[in-house]
> 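Here's a structure for you.
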Amino acid sequence: MWNGIQAAPEDAILGLTEAFKKDPRFAKVNLGVGIYKNDDEQTPILESVRIAEKRIFEHQNTKSYMPIAGEAAYGEEVQKMIFGALCSRSATIHTPGGTGALRVASDVLAKFGHKTIWVSNPTWANHNNIFEASGMTVKTYPYYNASTKDLDAEGFFAALEKIPSGDCVLLHACCHNPSGVDLSAGQWKQVAQIARKNGWIALVDFAYQGLGDGLVEDRIGVETLLAGGTDFFIASSFSKNFGLYRERTGALTAVSSTPENAAVAMSHLMAAARVLYSNPPAHGGMIVTTILKDAELSNLWKSELNAMRDRIAQARAALAEGLTQRGVPMDCSFMTRQKGMFSFSGLSKDQVSFLRQEKAIYIVGSGRINVAGLTHGNMGYICDAVAEAMNR
Ligand code: LMR
């Protein structure tokens, strides 16, 4: 079967980790995949997660199948987290990670004839693959202005105005991946107004709640779309904010106009999930539910999340300062304005490849640096190398 078949290309993000692992050099750094590291370069299990897991192991009494939509309690906790309260006109299912949520959404959208999705330029490297796998056509709208290192507001809103009714628009709720450039509250209002006027359907990728400005602050876009009264979807991931990467813990929420429509939406989300993976893996969802339903554990988790966010902010400031001190030919202050785990550094493809070949520093081809992987230990080496790449 495989004679004459070309190998599939390496994954733009996870493929880097595989290449990194094979690299024999001692002083190597993986700043590709978006994974939080503490100052010891470890991705620790959060204390709140450890406590929740102990409780689960003590009380769990079956490994029978999960419901297709996951446990109702999980869906309720997800809604409280993303909306601030339960929302009767929405339906939430537990999915394998944010990727699973996006794929269920795209299958459902395509099934009902919503076959064109608009994504930001640039966007997460896997978005295109997911939507294309559902048979959707992916188009791009302008988002990032490389010279101002900010939102291309004019291009963005002009494009949104032209997107026809029935098309879908992928938006990043916060911590835009890869640019770190987020919409302001006022800009979200404009987005919600245009969605309502033009009749396109938003699909909000909410993979970094709590890692931008805070759990509540980061949901401004979702709250604004909810108030706008249109039908839309939210794909949540708990990989980063709960550190549950390998547990594949996410959720898909469909917001509709009435509780009756939400029930119809739920039936179609479940039908799509049944085909894709039957029912979700239990463990990560149980951890999230256990934490969010317990006030004390929930407070512990919030303090751990805040600590991650603070460390990333410090790493951003140190990177900007380190590069400035080394005389790189650019104003680095934008790095401290970007939100989330990534800095869209402005490094060219050649510079990215120089860092990999000569310095064993792995970053995504777009120039995206995982700031959450910078530590006191590797900061000097990285600043030296990036400055050398930029000054060459
Ligand atoms: C990333 O963008 O690095 C993360 O979302 C991990 C992934 O699956 O690509």
Side-chain angles (χ1 to χ4, degrees), residues 8-21 29-37 41-43 95-106 119-133 138 140 143-144 170-182 203-212 218 234-252 276-277 280-281 284 305 308-309 311-312 315-316 319 338-345 347 352 355-356 361-374 382:
E10 196 184 58
D11 182 78
I13 297 173
L14 297 184
L16 272 186
T17 301
E18 295 311 311
F20 173 80
K21 282 188 200 150
V29 195
N30 185 4
L31 300 178
V33 64
I35 289 182
Y36 176 82
K37 302 239 172 86
E41 291 192 38
Q42 302 300 317
T43 304
T95 58
T99 303
L102 290 167
R103 180 59 200 272
V104 173
S106 69
V119 302
S120 59
N121 180 20
T123 195
W124 179 46
N126 208 24
H127 276 147
N128 284 22
N129 303 334
I130 293 169
F131 301 126
E132 282 167 5
V138 181
T140 57
Y143 189 81
Y144 180 72
L170 191 279
L171 297 159
H172 301 224
C174 65
C175 308
H176 182 272
N177 181 1
S179 75
V181 172
D182 284 349
L203 167 54
V204 182
D205 190 339
F206 207 175
Y208 298 89
Q209 186 174 1
L211 287 159
D218 289 351
I234 303 131
S236 308
S237 165
F238 302 125
S239 296
K240 332 282 168 163
N241 46 15
F242 282 84
L244 289 175
Y245 309 89
R246 63 172 58 183
E247 300 296 353
R248 310 311 303 135
T249 314
L252 177 65
L276 288 169
Y277 53 81
L305 176 62
M308 288 197 269
R309 194 178 58 245
R311 207 193 78 74
I312 296 171
R316 281 189 180 289
L319 177 65
Q338 294 166 331
K339 305 280 180 195
M341 291 172 92
F342 306 117
S343 178
F344 207 44
S345 59
L347 286 164
V352 170
L355 289 172
R356 177 166 165 177
I361 296 174
Y362 287 69
I363 64 174
V364 179
S366 60
R368 187 194 83 171
I369 293 180
N370 176 29
V371 185
L374 297 170
I382 288 161

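As a basis for the values below, the full set of heavy atoms in this structure was taken, side chains included, without hydrogen atoms, waters or symmetry mates. Indexing begins at 1, ligand by ligand and atom by atom, following the structure's order.
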> Calculate, to the nearest 0.5 Å, the distance between atoms CE and CG belonging to M308 and N241 respectively.
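Going from CE on M308 over to CG on N241, the span is 7.0 Å.
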> Considering only the protein, which heavy-atom contact is closest to atom 8 (O) of ligand 1, and what is its distance?
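Going atom by atom, the protein heavy atom closest to atom 8 (O) of ligand 1 ends up being W124 CZ2, 3.5 Å.
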> Quick check: does any side chain N or O of Y143 sit under 3.5 Å from a backbone N or O of V181, one acting as donor and the other as acceptor?
yes
> Ligand 1 versus N177, non-hydrogen atoms closer than 4.0 Å: side chain, backbone, both, neither?
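It is the side chain that touches ligand 1; the backbone stays farther off.
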> Can you tell me the protein heavy atom closest to atom 2 (O) of ligand 1 and the distance?
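Result: R368 NH1, 2.8 Å.
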> Under 3.5 Å, is there a donor on one side chain and an acceptor on the other for S343 and S345?
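No, no side-chain donor-acceptor contact under 3.5 Å.
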> Is it true that M341 lies under 4.0 Å from ligand 1, counting heavy atoms only?
no
> Do D182 and H172 pair up side chain to side chain, a donor and an acceptor below 3.5 Å, judged on atom types alone?
no
> Relative to ligand 1, is Y245 under 4.0 angstrom through side chain, backbone, both or neither, heavy atoms considered?
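No part of Y245 comes within reach of ligand 1.
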> Would you give the length of the straight line joining atom CG of D11 to atom CG of N126, rounded to the nearest 0.5 angstrom?
6.0 Å
> Among protein heavy atoms, which lies nearest atom 5 (O) of ligand 1, and at what distance?
K240 NZ, 3.0 Å
> Ignoring hydrogens and angles, tell me if any N or O in the side chain of N177 forms a donor-acceptor pair with the backbone of F342 under 3.5 Å.
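Checked: no pair found.
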> Are the side chain of R311 and the backbone of K37 linked by a donor-acceptor contact shorter than 3.5 Å?
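At least one qualifying donor-acceptor pair exists.
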> Which part of H127 is near ligand 1, with near meaning a heavy atom under 4.0 Å away: side chain, backbone, both or neither?
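Neither; no heavy atom under 4.0 Å.
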> Does the N or O separation between V33 and ligand 1 drop below 3.5 Å for any pair?
no
> Short list, please: which atoms of ligand 1 are under 4.0 Å from a heavy atom of G34?
1 (C), 3 (O)
